[in-house]
4 protein chains.
Amino acid sequence: MPKRGVAPKRRHQLLEAAFDCIAQKGYGNFSLKEVADKATLSKGIIHYYFKNKGELLIMVLDRLTNSLDNLVNEKANQARTPPGRIRAIFDGSFEAASEREPFFQVLLDFCSQATKNKEIKDITAGLYARYRRLTQKILEDGIQHGVFKELDVQGVSTAIVGMVIGISFQYMLDEEAFSLPKVQKICEELILSYLSADSA
Amino acid sequence: MPKRGVAPKRRHQLLEAAFDCIAQKGYGNFSLKEVADKATLSKGIIHYYFKNKGELLIMVLDRLTNSLDNLVNEKANQARTPPGRIRAIFDGSFEAASEREPFFQVLLDFCSQATKNKEIKDITAGLYARYRRLTQKILEDGIQHGVFKELDVQGVSTAIVGMVIGISFQYMLDEEAFSLPKVQKICEELILSYLSADSA
Amino acid sequence: MPKRGVAPKRRHQLLEAAFDCIAQKGYGNFSLKEVADKATLSKGIIHYYFKNKGELLIMVLDRLTNSLDNLVNEKANQARTPPGRIRAIFDGSFEAASEREPFFQVLLDFCSQATKNKEIKDITAGLYARYRRLTQKILEDGIQHGVFKELDVQGVSTAIVGMVIGISFQYMLDEEAFSLPKVQKICEELILSYLSADSA
Amino acid sequence: MPKRGVAPKRRHQLLEAAFDCIAQKGYGNFSLKEVADKATLSKGIIHYYFKNKGELLIMVLDRLTNSLDNLVNEKANQARTPPGRIRAIFDGSFEAASEREPFFQVLLDFCSQATKNKEIKDITAGLYARYRRLTQKILEDGIQHGVFKELDVQGVSTAIVGMVIGISFQYMLDEEAFSLPKVQKICEELILSYLSADSA
DNA sequence: CATGAATGAGATTTCATTCAT
DNA sequence: GATGAATGAAATCTCATTCAT
């Protein structure tokens with residue numbers, strides 16, 4: 001039954017299964033047996049591919065942050081004008097928040113471990129640092145091209161990313177409380193009016 | 001050793017200890033033994049005051065949300081003008097995020113359980129619903145008094161609360177990444193300029 | 001609130017409560033807290049009246065066996081002829097088995113402890129020894145008066161008491177399996193025909 | 001140390017150990033640690049083979065009722081004439097009651113749980129229902145062949161099974177109180193004389 | 001590569017018992 | 001007499017990890 005070179009496939013299988021388990025049971029509440037069952041593999045094999053549960057978790061987080069990075073970057077790169085790219089940031093983020101894949105939930109689970117686990121803190125903090133940097137770049141670009149007014153790019157990018165996180169967060173806690181698309185539109189309006197304000 | 005009438009004190013002791021444990025170890029990673037040790041009480045007594053770990057946790061969350069409600073409400077009530085009260089929202093929230101008491105961290109831990117535990121979901125969703133409602137009231141008040149322009153109060157309050165959450169969140173992940181007061185100022189500017197825009 | 005001389009009342013209260021607890025939860029599965037709650041007294045008081053759980057249980061058993069002794073003896077004494085008294089034995093026993101008070105169930109719970117607890121063994125064995133002795137007396141009386149044939153009174157009394165126990169037992173396990181009165185009649189017929197058989 | 005394919009052996013080992021523990025300590029008073037020790041296995045392995053203590057207990061009861069079914073059925077099948085088969089019923093049952101294996105004691109422990117546990121009630125009630133049915137079949141057979149008189153087969157089988165249970169029960173409580181073989185002979189006489197009585 | 005088996009540490013929970021008041 | 005409080009032992013159960021095969 002065992003084929004040669006199945007290692008990458010098995011790793012994938014296990015990481016997917018682990019992701020699903022975290023989504024269903026929570027970061028601190030799933031067992032390796034459940035992962036194995038979900039991957040239709042034996043429990044023992046997990047320790048062949050991963051040193052221990054912690055390493056498996058880190059790998060899951062790595063894949064997750066990569067996915068999110070790609071998702072937002074792609075969206076932002078497709079847009080051409082600075083305002084369009086700001087809109088793309090909201091677009092991509094809220095897509096991840098509303099999608100069937102519980103990306104945001106699982107990411108949140110990891111983030112809540114950040115204060116207790118240096119490795120997780122570094123990875124999650126890095127994700128949002130890149131997020132801010134991307135936004136910052138767009139802002140700087142817009143300013144340079146005269147589309148946006150002069151402003152504190154660092155502060156504003158933090159605010160923009162904050163909006164994205166905080167709204168996804170509220171949406172996760174109660175999907176019925178508000179309409180995500182409507183709020184997205186308001187965010188775009190709010191931010192773009194501020195950016196373009198010929199401040200005077 | 002047992003004294004009569006110490007029940008409320010003990011409850012308090014245990015809830016404080018549990019809060020500290022969650023802050024240090026995380027929601028899913030602290031043991032009742034640790035709580036007992038921190039409270040310098042015996043393990044058994046926890047189940048004398050609380051039916052089980054779950055009930056203890058809910059009580060901790062209850063106290064936490066009450067504290068946060070009070071904190072923000074007080075700040076908001078002290079301010080007199082609508083713009084001042086909006087600023088107070090940011091003020092109170094970021095105070096909670098930056099304080100020595102890891103309010104935000106622990107709250108986040110609970111929120112990450114929301115998708116797995118109905119009771120927690122209801123309580124945390126309720127907290128943020130009240131948060132939005134407070135903001136909404138301030139907006140409506142400002143509009144009525146002609147200080148703010150007409151706008152979608154629900155959407156804007158969601159955006160404001162989102163900012164607060166998302167910035168606290170980023171701050172928790174990396175305190176060095178930005179200056180909280182500076183970002184706060186930008187948020188206030190961003191929001192207030194939008195609100196007061198004599199769009200007309 | 002505490003009155004003088006309430007001791008007997010309290011004892012009674014606790015023994016009744018304990019009996020009910022055993023009936024509901026089983027011999028090995030009820031807690032003293034439950035007894036205290038059912039008696040609407042505090043947990044601590046139990047150890048004022050009884051040395052420990054074991055002693056409480058023995059007292060419950062004592063009351064139970066006394067009740068059963070009385071029940072059967074009274075019935076048997078009311079009857080006048082030997083056949084009538086044999087019938088009375090069945091009557092009283094099956095009454096105890098079918099009554100709302102779960103006498104038999106609780107007694108069985110104690111009996112199942114007999115092989116592990118000398119004191120319980122002695123008390124329960126004593127109950128059935130008296131039962132057999134009563135039956136034996138009736139048989140001897142009947143023989144002496146020429147109503148019954150000569151027979152092994154010890155063996156037959158054991159068989160009669162056995163019937164009573166075994167039928168109550170089956171009835172407890174499944175009340176729908178047979179009609180207790182009908183079976184009682186057959187038992188009486190079976191036994192009395194054997195006893196009176198002018199075997200020649 | 002772990003070998004492949006030892007599962008059935010381990011299951012057996014654990015069930016035997018559990019049976020012994022119940023026999024020694026009682027249904028509600030033995031711990032899984034004791035079972036593990038008796039089986040010279042680790043505590044954890046019990047939960048590898050059985051979901052929980054309850055499931056282990058049910059499996060023990062299953063094996064026990066199967067053993068008893070077989071014991072009595074074999075005896076009854078070996079005999080050829082209806083009276084012989086009735087005698088076989090007594091024979092097999094009292095053998096189980098007097099044997100070194102504490103079959104009856106353990107069964108009684110389970111039966112005393114019947115009123116508190118539906119699954120146990122069903123299994124134990126089922127055992128005695130089969131017991132009665134077997135006896136009934138023998139009676140019907142005897143009647144058909146003219147060896148036994150016409151009678152209420154349901155009631156009489158209940159009485160016979162009752163005798164068997166009740167005498168085993170008394171014997172368990174006090175082995176010295178009477179001679180089991182002697183009582184057995186009387187039972188056979190009592191029953192067979194009733195059955196064959198050419199009452200007409 | 002992969003599995004089934006096994007372990008043992010540790011977590012939650014229950015509870016009889018004790019004791020100050 | 002009576003209570004509320006407290007303890008600590010023990011029980012059940014979960015689980016990451018290890019290892020022979």
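Throughout, a chain's letter reflects where its sequence line sits, starting with A, and its residues are numbered from 1. Quick caveat: nothing in here was measured; it's all calculated off a predicted structure.
Other residues, nucleotides and ligands place no more than 12 heavy atoms under 6.0 Å from the NZ atom of B/K33.
Each of D/S31 and D/K51 was assigned the nucleotide of DNA chain F with the nearest heavy atom; the assignment lying further toward the 5' end belongs to D/S31. Summary of the strand contacts: D/A7 and C/G44 both lie near DNA chain E, and taking for each the nucleotide with the nearest heavy atom, the more 5' one is attributed to D/A7.
Under 4.0 angstrom from either OP1 or OP2 of E/dC1 there lies no side-chain N or O belonging to A/R10. B/Y48 has no side-chain polar atom (N or O) that falls below the 4.0 Å cut-off from OP1 or OP2 of F/dT7. Put simply, B/H47 has no side-chain N or O that comes within less than 4.0 Å of OP1 or OP2 on E/dT14.
As rounded to the nearest Å, E/dC1 and F/dT21 have P atoms that lie 22 Å from one another.
Straight-line distance from the CG atom of D/N29 to the C1' atom of E/dT14: 14 Å, rounded to whole Å. Here E/dG4 presents its C1' atom at 16 Å from CG of A/L32, a figure rounded to the nearest Å. A straight line from CG of C/L14 to C1' of F/dA2 spans 11 Å, rounded to a whole angstrom. Note: CD1 (A/I46) to C1' (E/dG4) measures 14 Å, nearest angstrom. When rounded to the nearest whole Å, the span between CG of D/L57 and C1' of F/dA11 equals 14 Å. As rounded to whole Å, 9 Å separates atom C1' of F/dA2 from atom CG of C/L41. Protein atom CG of D/D37 is 12 Å distant from nucleotide atom P of E/dT7, rounded to whole Å. Remark: P of F/dT14 and CZ of A/F30 are 17 Å apart, rounded to the nearest angstrom.
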Trace of the salt bridge (charged side-chain N to carboxylate O under 4.0 Å, His left out) decision for A/D109 with B/K116: CA-CA 11 Å; A/D109 252 351; B/K116 290 112 208 167; 3.2 Å; yes
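Minimum atom distance to the side chain of B/I45 is reached by F/dT7, of the listed E/dA5, E/dG8, F/dT7. Distance from the side chain of B/K53 is smallest to E/dA11 among F/dC13, E/dA11, E/dT3. Comparing F/dG1, F/dA6, F/dT3 by their nearest atom to the side chain of C/V6 picks out F/dG1. Set against E/dT3, E/dA6, F/dG1, the side chain of C/Y49 has F/dG1 as its closest nucleotide.
With ring centers used as reference points, D/Y27 lies 6.0 Å or more from C/Y27.
Taking only distance into account, the side chain of B/K43 meets the base of E/dT13 through a donor-acceptor pair shorter than 3.5 Å.
Taken to the nearest 0.5 Å, the NZ atom of D/K118 stands 12.0 Å off from the CD1 atom of D/I120.
For the pair D/K38 and D/E16, the salt-bridge criterion is not met [side-chain N within less than 4.0 Å of a carboxylate O].
The pairing partner recorded for F/dC15 is E/dG8, the criterion being a Watson-Crick or G-U wobble arrangement whose two distances lie under 3.5 angstrom. Pairing of E/dT3, defined by two Watson-Crick or G-U wobble distances under 3.5 Å, is identified with F/dA20.
Residue contacts shown for D/F50 are absent, as no nucleic acid heavy atom lies under 4.0 Å away.
Nearest approach of D/E55 to D/Y49, heavy atoms of both residues: OE2-O, 4.2 Å.
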